[in-house]
Engineer: 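Quick one: the structure is below, and I'll ask about it shortly.
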Amino acid sequence: MSTTETRTIIVTGGSRGIGRSICRTLAEPGAVVCFNYFNPADPEGEAAAAEETGRIIADAGARAMSREVDVADPEQTSSFFKEVVEETGRIDVLVNNAGITRDTLLVRMKPADWDAVINVNLKGTFNGIQAAGKVMMKQRSGRIVNIASVVGVTGNAGQANYSASKAGVIGLTKTAAKELAPRGITVNAVAPGFIETDMTAVLPEKVKEAMLSQVPLGRAGTPEDVAQVVRFLASDNAAYMTGQVLHISGGMYM
Ligand code: NAP
C-alpha cells in the first residue's frame, strides 16, 4: 500500500515510553494504530496509560485499538493480530517495541529473570514477526521495525539477559529480512542508547551520570528521537533498506 493515510499499524508495548511516542508519530489521519500492553501487577496503571495513548492517537485523527496482550505468549499475540486483520483487513506496519529489564550481575541472576527478559524481548519479537509475517506475505508488502538496543552490540555489565535478548533481536532481524524480502517486506532494527522513559527513570543517579558521560551529543535521548527514525523505516522513503540496524544513541556507539 503506497499511501500512509489508510495503513494498519501494530505497535507492541504502546501504552508508555518509546512505544507511545511511536504510536503518536505513526498516527496519521485515517490510519488504524493498534497497540498492546501487559502489566498484570498494576492493572489500574496500565489501563490508564493505555487510555492516554488511545486519546493521543484519536487526537491525531487516527483510530486506536488496544488490548492487554502478553507478547511472550504466541497464542495471545496471534489472536490479537487476527482480530486486527478481521477489523481492518491488513497489517502494513509492525513495530516490535515491548521490552523489559531485570538487571543484576550475571553470577547473581536468577533463572526466572533470564527467562522473563528473553521471553518478552526476544521471543516476543519472534511471536510478532511470525504472526504479522504470514499476513504481510499474502499482501506481498509490509514494514517491520524491531527495537533492539545499543547494549545488544556493546554488552553492558548487569544486563546479561537484556543484552543477550537485544543481540538476539538483531540476528532475528537479519534472518527475517532475508526470508521476507522476496515478498516485498522489509525488516529493520533500531538500537537506542540512553532514552528518558520509565525504564531508565529507575536507574540510580550515578549510573545515569556514567551513561551520559559516554554520549558525545551530551544529552539523554527522548522517545521522540527514536520514534522519528522508526517513522522513516516504516515509510516508503526506506523502501530499499532491509536487515539494517540504525543506532539512535547520540553517538554512544559509532
Ligand atoms: P517502558 O517505558 O518500560 O515501556 C515498556 C512498554 O512495553 C510498556 O507499554 C509496557 O506495557 C510494555 N510491555 C512490557 N512487557 C510487555 C509484555 N509482556 N507484553 C506486552 N507489552 C509489554 O520502556 P521503554 O523505555 O519505552 O522501552 C521500549 C523499548 O525500547 C524496549 O524494547 C526497550 O528494551 C527499548 N530500549 C529502551 C531504551 C531506553 O533507554 N529507555 C534503550 C534501548 C532500548 P505496560 O504499560 O502494561 O507495562
Side-chain angles (χ1 to χ4, degrees), residues 10-25 34-54 56 66-77 80-81 95-103 115-128 131 145-154 156 159 161-170 172-173 189-203 207-208 211-212 214-215 219-227 229-230 245-250 252-253:
I10 298 180
V11 180
T12 69
S15 55
R16 293 185 285 120
I18 293 170
R20 174 184 283 169
S21 193
I22 293 168
C23 286
R24 177 192 291 120
T25 307
C34 314
F35 65 94
N36 66 328
Y37 52 92
F38 187 72
N39 187 0
D42 180 17
E44 280 172 23
E46 66 164 12
E51 235 172 76
E52 175 61 15
T53 301
I56 289 168
S66 67
R67 296 287 180 272
E68 187 195 36
V69 161
D70 182 2
V71 291
D73 182 330
E75 273 145 34
Q76 286 186 36
T77 303
F80 172 47
F81 286 27
V95 183
N96 285 302
N97 164 79
I100 59 168
T101 51
R102 296 279 187 279
D103 296 353
D115 289 346
V117 170
I118 298 292
N119 283 340
V120 174
N121 299 7
L122 180 54
K123 189 178 167 202
T125 301
F126 167 76
N127 290 338
V145 184
N146 301 322
I147 311 298
S149 167
V150 69
V151 305
V153 178
T154 62
N156 194 27
Q159 293 198 305
N161 47 4
Y162 184 78
S163 61
S165 74
K166 295 300 187 176
V169 166
I170 291 172
L172 174 59
T173 298
V190 298
F194 178 50
I195 311 295
E196 274 171 346
T197 66
D198 293 346
M199 185 179 271
T200 48
V202 294
L203 294 172
V207 174
K208 287 188 199 168
M211 289 188 90
L212 274 176
Q214 295 170 43
V215 181
R219 67 166 176 89
T222 64
E224 178 76 8
D225 288 327
V226 179
V229 180
V230 171
V245 182
L246 296 186
H247 285 260
I248 313 164
S249 65
M252 200 175 183
Y253 173 80

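Keep in mind that this is a model prediction, so the values were computed, not measured. First listed ligand is number 1; within each ligand, the first listed atom is number 1.
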Engineer: N/O of Tyr162 under 3.5 Å from N/O of ligand 1, yes or no?
Structural biologist: yes
Engineer: State whether a side-chain donor-acceptor pair under 3.5 Å links Asn146 with Thr173.
Structural biologist: yes
Engineer: With atom 25 (O) of ligand 1 as the reference point, say which of Asn146, Thr125, Ile22, Thr197 has the nearest heavy atom.
Structural biologist: Thr197
Engineer: Which of the atoms in ligand 1, numbered in the order shown and given with their element, are less than 4.0 Å from a heavy-atom of Ile147?
Structural biologist: 29 (C), 30 (O), 35 (C)
Engineer: Under 3.5 Å, is there a donor-acceptor pair between the side chain of Asn161 and the main chain of Thr101?
Structural biologist: no
Engineer: Could you pull out, from Met199, Lys123, Arg16, Glu46, the option with a heavy atom nearest to atom 23 (O) of ligand 1?
Structural biologist: Met199
Engineer: Are any of the side-chain heavy atoms of Asn36 and Gln76 separated by less than 4.5 Å?
Structural biologist: no
Engineer: Name all residues meeting the side-chain contact (heavy atoms from CB on, under 4.5 Å) criterion together with Asn119; count only those two or more places apart in sequence or in a different chain, and write none if there are none.
Structural biologist: Ala72, Asp115, Lys123
Engineer: Going by heavy atoms in the side chains, are Val230 and Ile147 under 4.5 Å from each other?
Structural biologist: yes
Engineer: To the nearest 0.5 Å, what is the distance between CG (Asn127) and CD (Glu75)?
Structural biologist: 10.0 Å
Engineer: Do ligand 1 and Gly13 have nitrogen or oxygen atoms that lie under 3.5 Å from each other?
Structural biologist: yes
Engineer: Evaluating non-hydrogen atoms only, which member of Val71, Thr12, Val120, Val169 is closest to atom 19 (N) of ligand 1?
Structural biologist: Val71
Engineer: How does Ala49 reach ligand 1, if at all, at less than 4.0 Å between non-hydrogen atoms: by side chain, backbone, both, or neither?
Structural biologist: neither
Engineer: Heavy-atom distance under 4.5 Å between the side chains of Lys208 and Thr200, does that happen here?
Structural biologist: no
Engineer: Counting each atom of ligand 1 from 1 as listed, which ones have a heavy atom of Asn36 under 4.0 Å away?
Structural biologist: 20 (C)
Engineer: When you measure from the heavy atoms of Gly193 to every atom of ligand 1, does any distance fall below 4.0 Å?
Structural biologist: yes
Engineer: Taking 4.0 angstrom as the limit and counting only heavy atoms of Ile100, give me the atoms of ligand 1 inside it, by number and element.
Structural biologist: 14 (C), 15 (N)
Engineer: Are Phe194 and Leu212 close enough that some pair of their side-chain heavy atoms sits under 4.5 Å apart?
Structural biologist: yes
Engineer: Of the side chain and backbone of Ile195, name the one, both, or neither that has a heavy atom under 4.0 Å from an atom of ligand 1.
Structural biologist: both
Engineer: Would Thr154 and Met252 satisfy side-chain contact (heavy atoms from CB on, under 4.5 Å), going step by step from the backbone distance to the final call?
Structural biologist: CA-CA 10 Å; Thr154 62; Met252 200 175 183; over 6 Å; no
Engineer: With heavy atoms of Thr200 as the reference, note each atom of ligand 1 found under 4.0 Å away.
Structural biologist: 39 (C), 40 (O), 41 (N)
Engineer: Of all the non-hydrogen atoms in the protein, which one sits nearest to atom 31 (C) of ligand 1, and at what distance?
Structural biologist: Asn97 O, 3.1 Å
Engineer: Using a heavy-atom cut-off of under 4.0 Å, does the side chain or the backbone of Asp42 touch ligand 1, or both, or neither?
Structural biologist: neither
Engineer: Below 4.0 Å, non-hydrogen atoms only: which portion of Pro223 touches ligand 1? Side chain, backbone, both or neither.
Structural biologist: neither
Engineer: At a 4.0 Å threshold, what atoms of ligand 1 neighbour a non-hydrogen atom of Gly17?
Structural biologist: 2 (O), 26 (O)
Engineer: One residue to check: Arg20. Relative to ligand 1, which of side chain, backbone, both or neither has a non-hydrogen atom less than 4.0 Å away?
Structural biologist: neither
Engineer: For ligand 1, which atoms sit closer than 4.0 Å to a heavy atom of Val69?
Structural biologist: 19 (N), 20 (C)
Engineer: What is the nearest protein non-hydrogen atom to atom 18 (N) of ligand 1, stated with its residue, atom name and distance?
Structural biologist: Asp70 OD1, 2.8 Å
Engineer: Under a 4.0 angstrom heavy-atom cut-off, which atoms of ligand 1 come close to Ser149?
Structural biologist: 43 (C), 44 (C)
Engineer: Would you tabulate the side-chain donor-acceptor contacts of residues 12-21 under 3.5 Å, counting partners in other chains and residues two or more places apart, or write 'none'?
Structural biologist:
from	atom 1	to	atom 2	distance (Å)
Thr12	OG1	Asn97	N	2.8
Thr12	OG1	Ala98	N	2.9
Arg16	NH1	Asp198	OD2	2.7
Arg20	NE	Ser15	O	3.3
Arg20	NE	Thr53	OG1	3.0
Arg20	NH2	Ser15	O	3.1
Arg20	NH2	Ala49	O	3.1
Ser21	OG	Glu224	N	3.4

Engineer: Heavy atoms only: which of Gly221, Ala72, Gly14, Ser15 lies closest to atom 45 (P) of ligand 1?
Structural biologist: Ser15
Engineer: Among protein heavy atoms, which lies nearest atom 5 (C) of ligand 1, and at what distance?
Structural biologist: Gly99 O, 3.9 Å
Engineer: If I apply the N/O under 3.5 Å rule, does Ile18 come out as touching ligand 1?
Structural biologist: yes
Engineer: May I ask you to test the Ile10-Phe80 pair for a side-chain heavy-atom distance under 4.5 Å?
Structural biologist: yes
